**Q** 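I am attaching a structure below and will ask some questions about it afterwards.
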Amino acid sequence: MNLLVVGGAGYIGSVVTEELVRGRHSVIVLDDLSTGHRDAVAPLAYLVKGAIGDAARLREAFTTKEIDCVIHLAARSIVSDSVADPEGYEEANVRQGTILLDAMKEHGVSRIVFSSTAAVYDASAPMPLRETSPLVPGNPYGWTKLRFEEILRERARADGMRYVSLRYFNVAGASIDHGEDHRRETHLIPLLLDAALGAREAVPVFGSDYPTQDGTAVRDYIHVVDIAEAHVRAIRYLMEGGASATLNLGAERGLSVREVIGWVERVTGRGVPTVEAPRRAGDPPSLIASSEEAGRVLGWRPQWGDIDTIIETAWTWRQRYPEGYAE
Ligand code: UDP
């Protein structure tokens, strides 16, 4: 198959690309490298360096090969940033996405796998969250993703497009070659690993007064390789004529920030300095998935679900690449 991975130089996109190349698919990556890295793109993939809004590069991405399916992972994804800059998030996650959908239509591509998020849900709903749980995002990031899901539904009705929206919970861990390297790191596990390495001061624990077992926020951490596998299955599903679907991807268990800190200390064998801090803007207390529907529709089950495996793979990658990707 010929696949266009938009945002394929980012953390999740690079692992998706790696898996697709390994499956002998022909992969075009469109990425402006604003947050991704050239070295994160598997050598066998063809990188088109450009933004979705760059008409010439967008055309190149769609015409180098006849594309069977688009995988759209290019987005801004930091909850607290979205609170500070809702318009910027709307532009990046909604408007740029519709330009991509217009290009798909123009080039006769009708299948898309979209990176959505657990942030679309009403976090006060009972856990675990199912796809039928109420949708009331608690931050602008979640609203932009929900809006784009709605646009996909509208396009499916109007243009015969078919989509799979994958609602990721907290993606973490690494493959052998690809891991998490954000220029400005905000994610819990890589920050804790950096602190374990001595490369960072105390990591703030954002909020100790949540209504959770130990007062810190609870998340459902899912291995990035499992996430990539779900994309491979979603593409196959669409190619085989599957109907549009929206699916949660989580490991179906919640871990508090304090529990994750404990796991990082156990896996690395090192102490991790932390400091209590106020809640972070936009953070919900708890997000835990039911992934039953992804199992039913895609036959997907997490294979790397244990938190120690998730942390171990991230730790191995961090030690192999202490400076991250070359710039
Ligand atoms: N978190 C924290 N300290 C940090 C970074 C994150 O306490 O330095 C908490 C954050 O408040 C959330 C959880 O860890 O409850 C996961 O945050 P992350 O940024 O990794 O992912 P998010 O849930 O925001 O997508």
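Just follow the structure's listing: the first ligand is 1, and inside any ligand the first atom is 1. If you're wondering where the values come from, they're calculated on a predicted model, not measured in any experiment.
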**Q** Taking a hydrophobic cluster as the set of Ile, Leu, Val, Met, Phe, Trp and Tyr residues connected by side-chain heavy atoms closer than 4.5 Å, whether directly or through intermediates, do L166 and Y163 fall within one such cluster?
**A** no
**Q** If I take atom CD1 from residue I176 and atom OG1 from residue T313, how far apart are they, to the nearest 0.5 angstrom?
**A** 9.0 Å
**Q** Donor-acceptor pair, distance only, cut-off 3.5 Å: does the side chain of Y89 make one with the backbone of V83?
**A** no
**Q** What protein heavy atom lies closest to atom 8 (O) of ligand 1? Include the residue and the distance to one decimal.
**A** L191 CD1, 3.2 Å
**Q** Would you call the rings of Y325 and H37 parallel, tilted or perpendicular if under 30° counts as parallel and over 60° as perpendicular?
**A** tilted
**Q** Suppose we measure from atom 20 (O) of ligand 1 to each protein heavy atom; which comes out shortest, and what is that distance?
**A** L188 N, 2.8 Å
**Q** For atom 13 (C) of ligand 1, which candidate among Y221, F169, Y141 holds the nearest heavy atom?
**A** Y221
**Q** Tell me, do M161 and M104 make a side-chain contact under 4.5 Å, heavy atoms counted?
**A** yes
**Q** I need the nearest protein heavy-atom contact for atom 7 (O) of ligand 1: residue, atom name and distance, please.
**A** F206 N, 2.9 Å
**Q** Which heavy atom of the protein is the closest neighbour of atom 9 (C) of ligand 1, given with residue, atom name and distance?
**A** V257 CG2, 3.7 Å
**Q** Under 4.0 Å from any heavy atom of N170, which atoms of ligand 1 are there?
**A** 16 (C), 21 (O), 22 (P), 23 (O), 25 (O)
**Q** I'd like to check whether D283 has a polar contact with ligand 1, where a contact means an N/O of the residue lying under 3.5 Å from an N/O of the ligand.
**A** yes
**Q** Would you say the side-chain atoms of Y121 and E131 include a donor-acceptor pair closer than 3.5 Å?
**A** no
**Q** Is V205 in polar range of ligand 1, meaning some N or O pair under 3.5 Å apart?
**A** no
**Q** Closest non-hydrogen protein atom to atom 5 (C) of ligand 1, residue and atom name please, with distance?
**A** T186 O, 3.4 Å
**Q** Kindly indicate, with the supporting measurements, whether the criterion salt bridge (charged side-chain N to carboxylate O under 4.0 Å, His left out) is fulfilled by D54 and K49.
**A** CA-CA 10 Å; D54 180 335; K49 182 183 176 302; over 6 Å; no
**Q** State the atoms of ligand 1, each with its element, that fall below the 4.0 Å cut-off from a heavy-atom position in V203.
**A** 8 (O)
**Q** Quick one: does A217 get an N or O within less than 3.5 Å of an N or O on ligand 1?
**A** no
**Q** Applying salt bridge (charged side-chain N to carboxylate O under 4.0 Å, His left out) to E18 and R22, what does each step give before you reach the verdict?
**A** CA-CA 6 Å; E18 178 186 358; R22 187 171 293 143; 3.1 Å; yes
**Q** Check the side chains of R280 and S80 for a donor-acceptor pair under 3.5 angstrom, ignoring hydrogens and angles.
**A** no
**Q** Checking a contact table here: which protein heavy atom is nearest atom 17 (O) of ligand 1, and how many Å away?
**A** R280 NH2, 3.4 Å
**Q** For ligand 1, is Y168 a contact, meaning one of its heavy atoms is under 4.0 Å away?
**A** no
**Q** Could you tell me which atoms of ligand 1, counted from 1 in the order shown, lie closer than 4.0 angstrom to a heavy atom of P204?
**A** 2 (C), 3 (N), 4 (C), 7 (O), 8 (O)
